[in-house]
**Q** 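Following this message is one structure expressed as C-alpha coordinates.
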Amino acid sequence: MSDLPNFPADITKYFTSLNMLPAFPAVTALVETQKRNLAALTAANKLIFEGAQAITQRQVEVIRRQVADATEAARVLATTASPQERAVIQTEMLKTAYEKSVSDLKEVEDLLRKSSTEALGLVHSRFLEAVDEVKAAVEKK
(Lines give C-alpha, C1' and ligand atoms only; values in the text may rest on other atoms or scores of the structure.)
Protein backbone atom coordinates (compact mmCIF):
# COMPACT_ATOMS: atom_id res chain seq x y z
CA MET A 1 0.00 0.00 0.00
CA SER A 2 1.07 3.50 -0.66
CA ASP A 3 1.71 6.01 2.10
CA LEU A 4 0.72 8.81 -0.25
CA PRO A 5 -2.50 10.68 0.52
CA ASN A 6 -5.43 10.31 -1.82
CA PHE A 7 -5.68 13.60 -3.66
CA PRO A 8 -9.01 14.72 -5.02
CA ALA A 9 -9.43 15.07 -8.75
CA ASP A 10 -9.19 18.87 -8.52
CA ILE A 11 -5.81 19.55 -6.97
CA THR A 12 -6.57 23.28 -6.82
CA LYS A 13 -9.49 22.73 -4.46
CA TYR A 14 -7.38 20.42 -2.34
CA PHE A 15 -4.61 22.97 -1.75
CA THR A 16 -7.11 25.78 -1.27
CA SER A 17 -8.92 23.76 1.41
CA LEU A 18 -5.64 23.13 3.25
CA ASN A 19 -4.92 26.86 3.30
CA MET A 20 -1.22 25.96 3.00
CA LEU A 21 -0.25 28.98 0.98
CA PRO A 22 -1.30 32.07 2.89
CA ALA A 23 1.13 34.28 0.96
CA PHE A 24 -0.28 33.05 -2.30
CA PRO A 25 -4.07 33.23 -2.09
CA ALA A 26 -4.68 32.59 -5.76
CA VAL A 27 -3.84 28.91 -6.00
CA THR A 28 -5.58 28.85 -9.36
CA ALA A 29 -3.10 31.45 -10.60
CA LEU A 30 -0.24 29.25 -9.38
CA VAL A 31 -1.63 26.25 -11.20
CA GLU A 32 -2.05 28.30 -14.39
CA THR A 33 1.52 29.57 -14.06
CA GLN A 34 2.76 25.99 -13.75
CA LYS A 35 0.75 24.96 -16.82
CA ARG A 36 2.42 27.73 -18.82
CA ASN A 37 5.80 26.68 -17.41
CA LEU A 38 5.23 23.11 -18.58
CA ALA A 39 4.09 24.34 -21.99
CA ALA A 40 7.28 26.39 -22.31
CA LEU A 41 9.44 23.42 -21.29
CA THR A 42 7.61 21.23 -23.78
CA ALA A 43 8.24 23.77 -26.54
CA ALA A 44 11.91 24.05 -25.53
CA ASN A 45 12.28 20.26 -25.60
CA LYS A 46 10.68 20.21 -29.05
CA LEU A 47 13.21 22.78 -30.28
CA ILE A 48 16.08 20.75 -28.87
CA PHE A 49 14.73 17.54 -30.44
CA GLU A 50 14.30 19.21 -33.83
CA GLY A 51 17.83 20.59 -33.56
CA ALA A 52 19.18 17.14 -32.76
CA GLN A 53 17.34 15.74 -35.78
CA ALA A 54 18.83 18.43 -38.04
CA ILE A 55 22.32 17.74 -36.70
CA THR A 56 21.94 13.99 -37.17
CA GLN A 57 20.63 14.45 -40.71
CA ARG A 58 23.53 16.75 -41.58
CA GLN A 59 26.06 14.30 -40.13
CA VAL A 60 24.59 11.48 -42.25
CA GLU A 61 24.91 13.68 -45.33
CA VAL A 62 28.54 14.45 -44.44
CA ILE A 63 29.38 10.78 -43.99
CA ARG A 64 27.79 9.90 -47.34
CA ARG A 65 29.79 12.63 -49.05
CA GLN A 66 33.00 11.51 -47.34
CA VAL A 67 32.48 7.92 -48.49
CA ALA A 68 31.88 9.13 -52.04
CA ASP A 69 34.98 11.36 -51.84
CA ALA A 70 37.10 8.49 -50.52
CA THR A 71 35.86 6.20 -53.29
CA GLU A 72 36.71 8.82 -55.92
CA ALA A 73 40.13 9.38 -54.34
CA ALA A 74 40.89 5.67 -54.48
CA ARG A 75 39.84 5.55 -58.13
CA VAL A 76 42.00 8.57 -59.05
CA LEU A 77 45.01 7.25 -57.16
CA ALA A 78 44.66 3.80 -58.72
CA THR A 79 44.87 5.29 -62.21
CA THR A 80 47.83 7.56 -61.46
CA ALA A 81 51.05 6.22 -62.89
CA SER A 82 54.01 7.89 -61.24
CA PRO A 83 54.67 7.97 -57.47
CA GLN A 84 55.52 11.66 -57.71
CA GLU A 85 52.20 12.50 -59.36
CA ARG A 86 50.39 10.33 -56.80
CA ALA A 87 52.04 12.24 -53.92
CA VAL A 88 50.91 15.59 -55.38
CA ILE A 89 47.33 14.34 -55.83
CA GLN A 90 47.26 12.90 -52.30
CA THR A 91 48.43 16.23 -50.87
CA GLU A 92 45.71 18.12 -52.75
CA MET A 93 43.07 15.62 -51.65
CA LEU A 94 44.21 15.86 -48.04
CA LYS A 95 43.94 19.65 -48.11
CA THR A 96 40.48 19.52 -49.70
CA ALA A 97 39.26 16.89 -47.22
CA TYR A 98 40.55 18.94 -44.29
CA GLU A 99 38.85 22.12 -45.53
CA LYS A 100 35.56 20.28 -46.05
CA SER A 101 35.79 18.73 -42.58
CA VAL A 102 36.36 22.10 -40.92
CA SER A 103 33.46 23.59 -42.88
CA ASP A 104 31.18 20.68 -41.91
CA LEU A 105 32.16 21.00 -38.26
CA LYS A 106 31.35 24.72 -38.28
CA GLU A 107 27.97 24.00 -39.85
CA VAL A 108 27.09 21.39 -37.23
CA GLU A 109 28.28 23.76 -34.50
CA ASP A 110 25.99 26.49 -35.89
CA LEU A 111 23.03 24.11 -35.90
CA LEU A 112 23.72 23.13 -32.29
CA ARG A 113 24.16 26.74 -31.18
CA LYS A 114 20.95 27.82 -32.93
CA SER A 115 18.75 25.15 -31.35
CA SER A 116 20.31 25.63 -27.91
CA THR A 117 19.96 29.41 -28.05
CA GLU A 118 16.31 29.22 -29.13
CA ALA A 119 15.42 26.71 -26.41
CA LEU A 120 17.26 28.62 -23.70
CA GLY A 121 15.68 31.88 -24.83
CA LEU A 122 12.22 30.34 -24.55
CA VAL A 123 12.87 29.00 -21.04
CA HIS A 124 14.48 32.29 -19.97
CA SER A 125 11.50 34.34 -21.17
CA ARG A 126 9.04 31.99 -19.48
CA PHE A 127 10.97 32.13 -16.21
CA LEU A 128 10.83 35.93 -16.17
CA GLU A 129 7.10 35.86 -16.98
CA ALA A 130 6.47 33.31 -14.21
CA VAL A 131 8.28 35.46 -11.65
CA ASP A 132 6.17 38.45 -12.68
CA GLU A 133 2.99 36.35 -12.47
CA VAL A 134 3.81 35.14 -8.97
CA LYS A 135 4.67 38.65 -7.87
CA ALA A 136 1.41 40.02 -9.28
CA ALA A 137 -0.63 37.30 -7.56
CA VAL A 138 1.04 37.93 -4.20
CA GLU A 139 0.55 41.71 -4.54
CA LYS A 140 -3.19 41.21 -5.13
CA LYS A 141 -3.56 39.96 -1.57
Side-chain angles (χ1 to χ4, degrees), residues 1-81 83-141:
M1 282 209 158
S2 174
D3 292 335
L4 298 174
N6 291 326
F7 289 108
D10 188 352
I11 201 83
T12 306
K13 288 180 184 175
Y14 176 77
F15 281 115
T16 304
S17 71
L18 292 178
N19 200 13
M20 291 176 52
L21 302 170
F24 198 89
V27 175
T28 303
L30 177 64
V31 170
E32 290 303 315
T33 294
Q34 291 304 323
K35 285 180 184 178
R36 286 188 289 277
N37 291 347
L38 287 173
L41 287 174
T42 301
N45 283 332
K46 183 180 178 193
L47 286 172
I48 290 170
F49 180 75
E50 289 169 354
Q53 281 184 317
I55 289 168
T56 302
Q57 181 180 353
R58 183 62 187 126
Q59 287 175 327
V60 167
E61 292 167 2
V62 166
I63 290 170
R64 284 186 181 143
R65 192 204 65 234
Q66 288 174 340
V67 168
D69 289 351
T71 302
E72 177 62 16
R75 188 193 62 73
V76 168
L77 290 173
T79 59
T80 305
Q84 199 171 23
E85 188 181 4
R86 191 174 294 149
V88 170
I89 292 172
Q90 283 177 330
T91 305
E92 290 171 1
M93 287 179 176
L94 177 63
K95 181 180 179 184
T96 301
Y98 175 76
E99 289 170 344
K100 284 181 181 179
S101 293
V102 169
S103 175
D104 293 338
L105 184 59
K106 286 180 181 178
E107 186 179 346
V108 169
E109 177 190 19
D110 289 343
L111 288 170
L112 179 60
R113 183 181 298 114
K114 180 183 176 211
S115 69
S116 298
T117 300
E118 288 176 2
L120 183 60
L122 188 74
V123 171
H124 175 71
S125 296
R126 181 60 210 142
F127 177 80
L128 294 177
E129 290 170 5
V131 169
D132 290 341
E133 290 169 6
V134 170
K135 180 182 175 187
V138 170
E139 287 176 343
K140 285 181 182 178
K141 184 179 180 185

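Just so it is clear, the structure is predicted and the values come from calculations on it, not from any experiment.
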**Q** Under 4.0 Å between a Lys/Arg side-chain N and an Asp/Glu carboxylate O for Arg65 and Glu61?
**A**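 The answer is no: the pair does not qualify as a salt bridge.
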**Q** Once rounded to the nearest 0.5 Å, what's the spacing between atom CG of Leu112 and atom OG1 of Thr117?
**A**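 One gets 8.5 Å once the value is rounded to the nearest 0.5 Å.
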**Q** Please check this pair: side chain of Ser103 against backbone of Glu99, looking for a donor-acceptor N/O pair closer than 3.5 Å.
**A**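 No, the answer is negative, given that no donor and acceptor are paired below the 3.5 Å cut-off.
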**Q** Looking at side-chain heavy atoms only, is the closest gap between Asp110 and Glu107 below 4.5 Å?
**A**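 A side-chain contact under 4.5 Å is absent here.
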**Q** Rounded to the nearest 0.5 Å, what separates atom NZ in Lys114 from atom CD1 in Ile55?
**A**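 Taking NZ in Lys114 and CD1 in Ile55, the distance rounds to 11.0 Å.
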**Q** Measuring from Asn45:CG to Glu50:CD, what's the distance to the nearest 0.5 Å?
**A**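 Asn45 atom CG to Glu50 atom CD measures 11.0 Å (nearest 0.5 Å).
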**Q** Heavy atoms, side chains only, cut-off 4.5 Å: are Asp69 and Met93 in contact?
**A**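 Result no, sub-4.5 Å side-chain heavy-atom pair not found.
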**Q** Could you check Glu72 against Arg75 for side-chain contact (heavy atoms from CB on, under 4.5 Å), going step by step and ending with a plain yes or no?
**A** CA-CA 5 Å; Glu72 177 62 16; Arg75 188 193 62 73; 2.5 Å; yes
**Q** Is a side-chain N or O of Ser125 found less than 3.5 angstrom from the main chain of Leu122, in a donor-acceptor match?
**A**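 No: the side chain of Ser125 does not pair with the backbone of Leu122.
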**Q** To the nearest 0.5 Å, what is the distance between CG (Asp104) and CD (Gln59)?
**A**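 Asp104 CG to Gln59 CD: 10.0 Å, rounded to 0.5 Å.
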**Q** Looking at Ala44 and Ala119, what are the two nearest heavy atoms and their distance?
**A**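 So the minimum-distance heavy-atom pair works out to O-CB, 3.7 Å.
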**Q** First locate atom CG of Leu105, then atom CD of Glu109, and finally report the distance between them rounded to the nearest 0.5 Å.
**A**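 It comes to 6.5 Å.
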**Q** Report yes if the side chains of Val62 and Gln66 come closer than 4.5 Å at any heavy-atom pair, otherwise no.
**A**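 Result yes, sub-4.5 Å side-chain heavy-atom pair found.
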**Q** Tell me whether Ser116 contacts the main-chain N or O of Arg113 through its side chain, where contact means a donor paired with an acceptor under 3.5 Å.
**A**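 No.
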**Q** Taking NZ, NE, NH1 and NH2 as the nitrogens, is one of them in Arg126 or Glu133 under 4.0 Å from a carboxylate oxygen of the other?
**A**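 Looking at Glu133 together with Arg126, the answer is yes, because their closest N to O distance falls below 4.0 Å.
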**Q** Taking atom OG1 of Thr42 and atom CG of Asn37, what is their separation to the nearest 0.5 Å?
**A**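 Taking OG1 in Thr42 and CG in Asn37, the distance rounds to 10.5 Å.
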